[in-house]
Amino acid sequence: MQLPSLLRRLGLALAVLGLALEVLAQMSTAPRPSYAELVDPLTGTLSSYELSAGNTYPVISRPWGMNSWTPQTGKMGDGWQYTYTAQKLCGIKQTHQPSPWIGDYGQFAFLPMIGASPRFGDEERASYFSHKAERAHPYSYEVYLADYDTQLRLAPTERAAVCEITYPSYSKPEERWLIIDAYDGGSELRQTSPRTLVGVSLRNSGGVPAGFGCYFTFTFEEPISLVQLERREGEGGVRALAAVRLSSTKSQQRLWVASSFISPEQAELNLQEAAGRDFATIAREGKAVWDELLGRLAVEDEHPERMRTFYSMLYRCLLFPRRFWERNAAGEIVHYSPYNGQVLPGYMYTDTGYWDTFRALMPLINLVYPDEAGPMAEGLMNTYRESGFLPEWASPGHRDCMVGNNSASVLADAFLKGLGRLEAKEVVAALLHGANAEHPTIGSTGRKGYQYYNKLGYIPSDVGIKEHAARSLEYAYADWCIAEVLRRSGAPKKLEALYRSRSQNYRKLYNPALGWMQGRKADGSWQQPFSVYKWGDAFTEGNALHYTWSVFHDVPGLMQLMGGAAGFTARLDSIFSLPPLFDESYYGFVIHEIREMQLMNMGNYAHGNQPIQHMIYLYDYAGMPQRTQWWVREVMERLYSARPDGYCGDEDNGQTSAWYVFSALGFYPVNPVSGEYALGIPYFRRVRLQRPGAKPFVITADRPEGRYVRRTLLGEQPLAKPFLSYQSILEGGRLHFELAPQPEP
């Protein structure tokens, strides 16, 4: 080769190398993508009492924020406080609502308007709006109120918010109003300084002690020129409203608002989170907080719509349980106890039902957000100290909703993973008390019917306790969780053996002649009449076809009852192959959970409700992971999206979203306390899981469009079985899936 030619080729190679280095340099310094920008808070808002597409509302908040905000389309007290099809807004509402079925507390609203005189009622003051002139992000909300030609922008901190209002320039200062609605229940509003109005909201849906109130304060950038107060008598007591007019001639006005469950003085202290700062600054800070937490699961994929769905789901996972604690003047963490009404030190969390969230939401927080999971676990123990029981459904205190003793799973998982400052002896005491006591007034807290369960191994169908079989199955799983804590804590072997034995009580409800779980009478005979298609009665929002799989802790044992892997797989298959038959007679009407199952065209598989959401992963235990892979991908692609109808049932405090997040990663916690995940099939080309202070764990797939897994490598080692340990994730490294369009022969 001649020298000139060699030099030319060498020069070309150097140029290519230089370009590559430049690209790499640009990549290394490229701004981090905004995951929060991918979130659509309106996902799941096309809902109604009759049919849920999520039953969500746009939560404008910081992650797990003590206070959240939402645009309000419904009237006061309407659980569907924002519905996508609504045409009018009647307020911007501070909300703590975890579910339309549970209701709200700590609530008040405000709305700017123009006119010769203020209009106070929900319908009177409401303004038309359009989604085309609405911008909703996790960290901010902007809307154009068409009837008033007015623009509103709000950005929250954890306990406060800034709001900027732009009235039309042609309006006169005396025509510009801000309506503040403290709702009924004996609320109060009053002006305390030239720029400040304070109030207390007493309206709630239960779960509060005597003396409960939400104290709030509004501070305006400009002096108040007029406050017109109105008191209306309502069914729930006095409803306090105010119309505020400012002395400023400026069309743009700014205000700050904060609240506290402790005192008016604490509300003023909480206001310092936002006071004096503008919308852009607080929105920018909120966006950075959301980006950091959403970015702990950093997705790389060429399908923007799939990424939007993923991050919209992950956003829902970071809203509940809610931080119900504040910082006092000394900077100490304190909380108002919704259990005894005292102000006490330490953490408190609320607004979640563990019947739903023990399955995937709490395991996801424990895995990805251990720095938040630790305080949550400490808050559980504070609930036990202040009320005598661990919470099952809290909003803000104990609520009588759902069944089971699922706090045992949540606390055991945190304890065994070393999350929070938990003392083993006290954890054991809390778990054992909850397993052997009934709350005196709240039927869902503790264990209803524990005397029967401890004696017979199940709650009989003929002793007047509803949903007896569901309770019995969930108690058996809780007993296994308790046994694991007893083993780790060094408790007496005899005590551990007792709960280990009780964890096998699920066997007493399996009818081999029927092939499904069935209720039993106190004399041991089977409940009659009985139909596997009957929702409710023996079960909770499901039937025998759904609840038979509620043996999270001993799938091999359940498989053995069904005659082995073949019989087990055949029964799993039948859930999808059966028509969507149902018996709604227990309820007297078709509840929305039944209708959602019927509409999804997946037979008797009811992904819109929680009891069966883990079932797809049970194929792994029977040596049929390819069926897990097929059905996981089917559910993800058919039943989820980032649209207003993006869910196939109740979202339920992040649980249905957490199923999607875990499944997109490629694994799922069938038994959250076991430290083991069942493998499915990843949805993205690459996901980087970054826990704080830990090595990253990277999940990759060579052909994300493939529907089946050919081989899975942990590091360089093939996995012999479709399971992954929690410890493997902690150690960091790489989980690689080789995918294929067809299953392996």
Side-chain angles (χ1 to χ4, degrees), residues 313 356-364 366-367 409 413 473-474 477 480 506 542 545-560 562 565 567-576 600 602-640 648-649 655-683 699 701 707-709 712 714 719-726 728-729 735 737 739 743:
M313 300 296 134
D356 302 285
T357 61
F358 87 87
R359 306 164 193 268
L361 186 276
M362 294 308 301
L364 182 71
N366 291 347
L367 175 65
S409 175
D413 193 26
L473 291 168
E474 293 185 20
Y477 169 62
W480 184 88
Y506 73 88
L545 303 176
H546 307 142
Y547 255 95
T548 292
W549 312 107
S550 294
V551 186
F552 314 95
H553 56 295
D554 188 19
V555 180
L558 179 62
M559 192 183 312
Q560 180 266 328
M562 293 182 175
F568 183 79
T569 301
R571 295 215 175 274
L572 287 171
D573 288 344
S574 72
I575 300 299
F576 298 105
M600 293 309 131
M602 287 189 174
N604 243 270
Y605 180 70
H607 192 82
N609 209 24
Q610 282 66 39
I612 203 170
Q613 286 182 349
H614 68 292
M615 188 212 85
I616 291 173
Y617 285 92
L618 299 185
Y619 285 109
D620 281 355
Y621 297 82
M624 299 292 288
Q626 64 272 24
R627 298 196 187 181
T628 289
Q629 295 151 22
W630 168 264
W631 284 113
V632 165
R633 189 63 65 84
E634 282 290 291
V635 170
M636 293 183 71
E637 293 188 343
R638 288 170 53 183
L639 306 187
Y640 288 85
C648 58
Q655 166 57 31
T656 300
S657 294
W659 186 95
Y660 183 95
V661 171
F662 264 122
S663 295
L665 299 181
F667 52 88
Y668 186 83
V670 170
N671 176 357
V673 179
S674 68
E676 180 181 72
Y677 303 94
L679 293 182
I681 181 168
Y683 204 40
I699 304 153
R707 294 296 297 262
Y708 298 96
V709 177
T712 308
L714 181 61
L719 291 178
K721 296 182 178 181
F723 298 97
L724 176 71
S725 73
Y726 171 74
S728 296
I729 297 174
L735 180 68
F737 292 82
L739 304 186

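The model shown is predicted, which means the values in this text are computed figures rather than measured ones.
Contact annotation: the side chain of D573 approaches that of Y619 to within less than 4.5 Å [non-hydrogen atoms, C-beta and beyond]. The shortest distance between side-chain heavy atoms of F662 and P363 falls below 4.5 Å. Residues W659 and Q610 fail the side-chain proximity criterion, which asks for heavy atoms closer than 4.5 Å. By the 4.5 Å heavy-atom criterion applied to side chains, N671 and Y477 are counted as neighbours. The shortest side-chain heavy-atom distance between I699 and F667 falls under the 4.5 Å cut-off. A 4.5 Å side-chain heavy-atom check between I729 and L724 finds at least one atom pair inside the cut-off. In this structure, the side chains of L572 and F568 come closer than 4.5 Å at one or more pairs of heavy atoms. Two residues are said to be in side-chain contact when any heavy atoms from C-beta on lie closer than 4.5 Å; M615 and Y605 meet this criterion.
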**OP:** Might you work through the side chain to side chain contact (heavy atoms under 4.5 Å, CB included) test for Q629 and L739, ending with a clear yes or no?
**Re:** CA-CA 10 Å; Q629 295 151 22; L739 304 186; over 6 Å; no

**OP:** Let me see the working for K721 and D620 under side chain to side chain contact (heavy atoms under 4.5 Å, CB included), right down to the final yes or no.
**Re:** CA-CA 8 Å; K721 296 182 178 181; D620 281 355; over 6 Å; no

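Looking only at distances, no side-chain donor or acceptor of Q655 sits under 3.5 Å from a matching main-chain atom of F358. Side chain of N609 to backbone of G542: no donor-acceptor contact under 3.5 angstrom is found. For the pair H614 (side chain) and W549 (backbone), a donor-acceptor distance under 3.5 Å is present.
Relative orientation of the Y708 and W630 rings is parallel, given thresholds of 30° and 60° on the angle between their planes. A tilted orientation is assigned to the rings of W480 and H553, their planes being inclined by 30° to 60°.
Heavy-atom minimum distance, R633 versus P682: NH2-O, 2.8 Å. Nearest approach of A622 to T569, heavy atoms of both residues: CB-OG1, 3.4 Å. Nearest heavy atoms, V551 versus T548: CG2-O, 3.9 Å. Nearest heavy atom pair, residue V673 against residue S409, reads CG2-O, 3.4 Å.
Defined by atom type and a distance below 3.5 Å, a donor-acceptor pair is present between the side-chain atoms of S663 and Y617.
In this structure, CZ in R638 is found 3.5 Å from CE in M602, a value given to the nearest 0.5 Å. If you take OH on Y668 and CG on L679, they are separated by 14.5 Å, rounding to the nearest 0.5 Å. A distance of 15.5 Å separates CE of M636 from CH2 of W631, quoted to the nearest 0.5 Å. Atom OH in Y621 sits 10.5 Å away from atom CG in D554 (nearest 0.5 Å). Here CD1 of I681 is found 13.5 Å from CG of L665. Values are rounded to the nearest 0.5 Å. In this structure, the separation between CD1 on I616 and CD1 on I575 is 11.0 Å, given to the nearest 0.5 Å.
Taking the six-membered ring where the residue is Trp, the centroids of H607 and Y640 are separated by under 6.0 Å.
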